Amino acid sequence: MNISQIFENISQLLYIRGDKSYRVQSYQRVADIIGQLTHSIEAENEISYLSEMLETGQLRTIKGIGDSAISVITDLLQKGTSNLYEELKLEVGTEVLELLKVRGIGIKMATQLYRHAKIHSLSDLRLALSSNRLKEIKGLGTRKIQSIETSLNYLEIVKNLRPLGIIRPIADRIVSKLKGQPGVEKIEITGEVRRGEEMVSQLELLLIGSPDNVARVLKDHLKDQVINATNISGTINQFPVVIHFTNLTSMAWDWIVTTGPEDHVQQLSIPGSDLSTEREIYLLSGLPYIAPELRRTTEFANPIEDKLPHLVELTDIRSDLHMHTNWSDGLNTIQEMVNQAKSLGYSHISITDHSKSSVVANGLDPNRLRKQIEEVRIVNNRTDGITVLAGSEVDILKNGDLDYDDELLAELDIVIASIHSNFELSESQMTQRIIRAIENPFTMMIGHPTGRLLGSRPGYAFDLPAILDVAADCEVALEINASINRLDLEPDSVILAKQKGVQLSVNTDAHSLPDLQQMKWGITVARRGWLEPSDIINTLTLDQFFDWKNGRQQSLE
Ligand SMILES: [Zn+2]
Ligand SMILES: [Zn+2]
């Protein structure tokens, strides 16, 4: 149960039903408060954590949590639901909330569709699209309808997929539960999760051991267990899990087969029984060892001739150049972020809060940015062992201009330019917009270049090869945003960027302390994109970083 999410649902359903706006807002506010309280807590501990806050009376003291919220929270914690929520589910239904996942449909539009077009679910929306009924709705022009269709198609494709960053930690937890248990000799992660696909359709493990023991150890975790001769399958949080069984002589080959993909496996020879490692099997097939992230079908015809890269590793990364603090929409102070980054061993980081046009994200106006730069310098001076750079994630305005004037941009150590608005421009307008931002001499990096949100929003339309050509000319880096919901750029685009000589930058875009740990997901994408340490500006030392910065400025003058 995600209590913050339920409050958000209640707020949205109240809006659609037409309740008073103060009531709608008060439930949204509780959703935000609880979201912040439970942000860094494991989902399985949420109930006990909030129950304790309720019992000790702590919840009641928080501004914004009134009597009606307390009674809903109490019901949710004790009964698993609340009368109000049940009433709204009956009256309005929850499927209408799915409409909000579609790009271009906000709560107002969803309400309009619900009330005036009887569109109560994604399938209603699909029907209305195919029967051409959407254009009768006020506020929906041709372009908006097109964008709704693209987004809807995307949602249908990803319906059964989950982000790697959600599933991989679950895989790690099962492995550590099983490791060392009697009857479990060896266990490895395999399949799509091992290959590091950004969205995965199932979680697979490969195991030497006794099926009965495994079933018993996992009885509280793996639901709907089915035990076969060769595997156990089941679900965790309604997500499919398969545990394959093998033995010592077949382990290496079975690991290759279950890691897949099939076309890749077909290039390999089936080994005799004396081959005990994957490396030996590749050798027998006349190939060098191919890292799981590179086991994809399309990239190379002949890995020897195409020369395998010396792939980047997490330990090569010296800096995280994109993160937010409570100056804009982050949760923590500058100093807290710096201390955490230092504990991760970085040589330098940059603080890059939002710019003034990102109003919902509490973006900084020029005066606040000037104050923040001073604050960053102070924190930097009093903190040993790490260098803190002053930066900004500056909005790219609709016409491609940056959100601050040149004089202010010149004071920053790093300028990341990102798109946070006007996603529905035509492809050529969007391409021109991004090119204009890249050509701005202050832009050093384009943040989350496609704007995609995994599982909910496809990227906006633009001409990537054209952008890459300009980025290569202007020596502007493109980001691999490591946030588990973005992973943007994605691997195929990273390969193209590298071919065109564009530098990449892997960053967490952290909005809280735990987010700083997400670098590893970005590194997985970088590896799937064939990147070596020298392709990534985060592997530079601080001096090298400034050499890069100054060098590109000189060449642009
Ligand atoms: Zn951003
Ligand atoms: Zn950001």
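Read the numbers this way: they start at 1 and go in the same order the structure lists the ligands and their atoms. The shown structure was predicted, so the numbers you read here are calculated from the model rather than taken from an experiment. Because only heavy atoms are used, hydrogens play no part in the values below, and waters and symmetry mates are left out as well, while side chains stay in.
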So the angle subtended at the Zn ion (ligand 2) by Asp509 atom OD1 and His324 atom NE2, rounded to 10 degrees, is 90°

Sub-4.5 Å side-chain heavy-atom contact between Met444 and Trp548: yes

The salt bridge (charged side-chain N to carboxylate O under 4.0 Å, His left out) partner of Arg528 among Glu293, Glu490, Glu197, Glu192 is Glu197

Restricting Glu393 to its N/O/S atoms, the closest one to the Zn ion (ligand 2) is OE1

Angle subtended at the Zn ion (ligand 1) by His448 NE2 and His420 NE2, to the nearest 10 degrees, is 100°

Closest to the Zn ion (ligand 2), among the N/O/S atoms of His322, is atom NE2

Legend entry - Flag if over 12 foreign heavy atoms under 6.0 Å of CD, Glu95: no

NZ of Lys101: more than 12 outside heavy atoms within 6.0 angstrom?
no

